[in-house]
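These numbers come from a predicted model, not from an experiment.
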Amino acid sequence: MKLLENRIREDGLVLPGNVLKVNQFLNHQIDPDLMYKLGQEFVKLYQGEEITKIVTIEASGIAPAIMTGLILHVPVLFARKQKSSTMNAGLYTAEVYSYTKKVKNTVSVDQKFLNKNDRVLIIDDFLANGQAVQGLIDICKAAQAEVVGVGIAIEKSFQDGAELIKKQDIRLESLARISSFADNQVHFVEDKDNE
């Protein structure tokens, strides 16, 4: 998605440790117009899949997920990283390691919001090593919900996450695929393909 790639080039900042800072439009300050366009793209890519629920993880996945849910008119369910005092029983949980924050979290969703009749589209902001998405897949499996696909705003294609998802025969659609951060610049897979 050229619009997203251009925004990453303009406002993204490459940090040490293969980290891309996009807090101007995605994971601190949010550009709602851009998020709506991401939602439209996910809806177009997964057209005809009869999605009943969008599942994401707090916090940065919520913006693109909510816009996708808005367009599809389906609920958006987000896995919580912090245990809520109102959520203490009947939970699906998974262990998730955060590549950026270098911490392990137990994420959870209330069992009453996810079941075997759901056709789920998982949406997240980043895909690096795939641990967050894998946790969401595990939660969906525990609920016997069908994962129809995974939609990612920004994929770091040089890391293992995409392969982890594809090995499970789960469809993956990423809107911006980064091949490297060579010379502290963002290089996209599509640029490499066009050389």
Side-chain angles (χ1 to χ4, degrees), residues 27 35-36 38-101 103-157 159-175 177:
N27 55 18
M35 293 305 107
Y36 190 76
L38 298 185
Q40 288 176 313
E41 189 66 18
F42 287 132
V43 169
K44 187 171 87 175
L45 289 167
Y46 285 99
Q47 186 174 4
E49 288 291 348
E50 300 176 12
I51 295 159
T52 63
K53 197 151 290 169
I54 306 294
V55 174
T56 191
I57 194 164
E58 68 175 350
S60 300
I62 294 174
I66 205 83
M67 292 302 187
T68 307
L70 174 69
I71 296 164
L72 287 173
H73 303 287
V74 300
V76 175
L77 176 63
F78 67 90
R80 291 178 174 263
K81 293 178 185 171
Q82 305 293 321
K83 191 169 182 182
S84 167
S85 61
T86 61
M87 287 176 61
N88 49 19
L91 303 175
Y92 294 120
T93 62
E95 291 292 314
V96 172
Y97 179 75
S98 170
Y99 176 81
T100 309
K101 296 177 181 154
V103 297
K104 188 181 272 191
N105 292 300
T106 299
V107 298
S108 58
V109 300
D110 193 311
Q111 290 179 358
K112 70 182 172 189
F113 297 129
L114 195 61
N115 62 60
K116 65 181 180 183
N117 299 317
D118 281 315
R119 292 178 53 81
V120 173
L121 175 59
I122 293 171
I123 299 282
D124 206 3
D125 61 337
F126 271 94
L127 177 63
N129 290 322
Q131 297 305 301
V133 170
Q134 186 60 56
L136 296 176
I137 291 169
D138 292 346
I139 284 172
C140 290
K141 284 180 181 176
Q144 298 180 336
E146 182 180 352
V147 177
V148 299
V150 174
I152 299 294
I154 303 169
E155 173 189 315
K156 295 178 186 174
S157 299
Q159 292 182 272
D160 299 332
E163 194 59 34
L164 177 72
I165 294 165
K166 291 174 185 173
K167 280 183 181 174
Q168 299 174 73
D169 289 325
I170 296 174
R171 181 176 167 197
L172 170 65
E173 297 287 349
S174 300
L175 303 185
R177 296 170 52 224

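Summarising the geometry of I139 relative to A94, their closest heavy-atom pair is CG1-CB, 4.0 Å, with the distance given to 0.1 Å. Residue V148 comes nearest to R119 through the heavy atom pair CG1-NH2, 3.3 Å, listed as atom of the first residue, atom of the second, then distance. Minimum heavy-atom separation, V74 to I51: CG1-O, 3.4 Å. The shortest heavy-atom contact between T56 and I123 is OG1-O, 2.6 Å. When all heavy atoms are compared, the tightest approach of L164 to N129 is CD2-O, 3.9 Å. I54 and A65 get closest at one heavy-atom pair: CG2-CB, 3.8 Å.
No donor-acceptor distance shorter than 3.5 angstrom exists from the side chain of Y92 to the backbone of L136, with no hydrogens or angles considered. The main-chain N or O of N117 is found under 3.5 Å from a side-chain atom of N115 such that the two form a donor-acceptor pair.
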Discussion item. Walk me through whether L172 and V133 qualify under side chain to side chain contact (heavy atoms under 4.5 Å, CB included).
Written reply: CA-CA 11 Å; L172 170 65; V133 170; over 6 Å; no
Item to complete: Could you please spell out the steps behind the side chain to side chain contact (heavy atoms under 4.5 Å, CB included) verdict for L45 and L175?
Response: CA-CA 10 Å; L45 289 167; L175 303 185; 3.7 Å; yes
Item to complete: Report the C-alpha distance between Q168 and V147 in whole Å, list the side-chain angles of each, state the deciding distance to 0.1 Å, and finish with yes or no for side chain to side chain contact (heavy atoms under 4.5 Å, CB included).
Response: CA-CA 11 Å; Q168 299 174 73; V147 177; over 6 Å; no
Fill in: CA sep, side-chain torsions, deciding dist, call: F126, N27, side chain to side chain contact (heavy atoms under 4.5 Å, CB included)
CA-CA 10 Å; F126 271 94; N27 55 18; 4.0 Å; yes
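The line from CD of E49 to CG of L72 is 11.0 Å long, rounded to the nearest 0.5 Å. One finds the CZ atom of R80 at 9.5 Å from the CG atom of D110 (value rounded to the nearest 0.5 Å). Summarising the geometry, atom CZ belonging to F42 is positioned 9.0 Å from atom CD belonging to E173; distances are rounded to the nearest 0.5 Å. For the atom pair CZ of R171 and CD1 of I165, the computed distance is 13.0 Å after rounding to the nearest 0.5 Å. Between the CD1 atom in I137 and the CD1 atom in I170 there is a gap of 3.5 Å [rounded to 0.5 Å]. Atom CZ of residue F113 and atom CZ of residue F78 lie 10.0 Å apart, to the nearest 0.5 angstrom.
Considering only heavy atoms from C-beta on, D125 stays 4.5 Å or farther from I154 through its side chain. Counting heavy atoms from C-beta on, the side chains of I57 and K81 come closer than 4.5 Å. Proximity of L38 to M67: side-chain heavy atoms (C-beta onward) are nowhere separated by under 4.5 Å.
Using a 4.0 Å cut-off between charged side-chain N and carboxylate O, K44 and E41 make a salt bridge.
Every residue two or more places apart in sequence or in another chain was checked for a salt bridge (Lys or Arg N to Asp or Glu O under 4.0 Å) with E95, and none qualifies.
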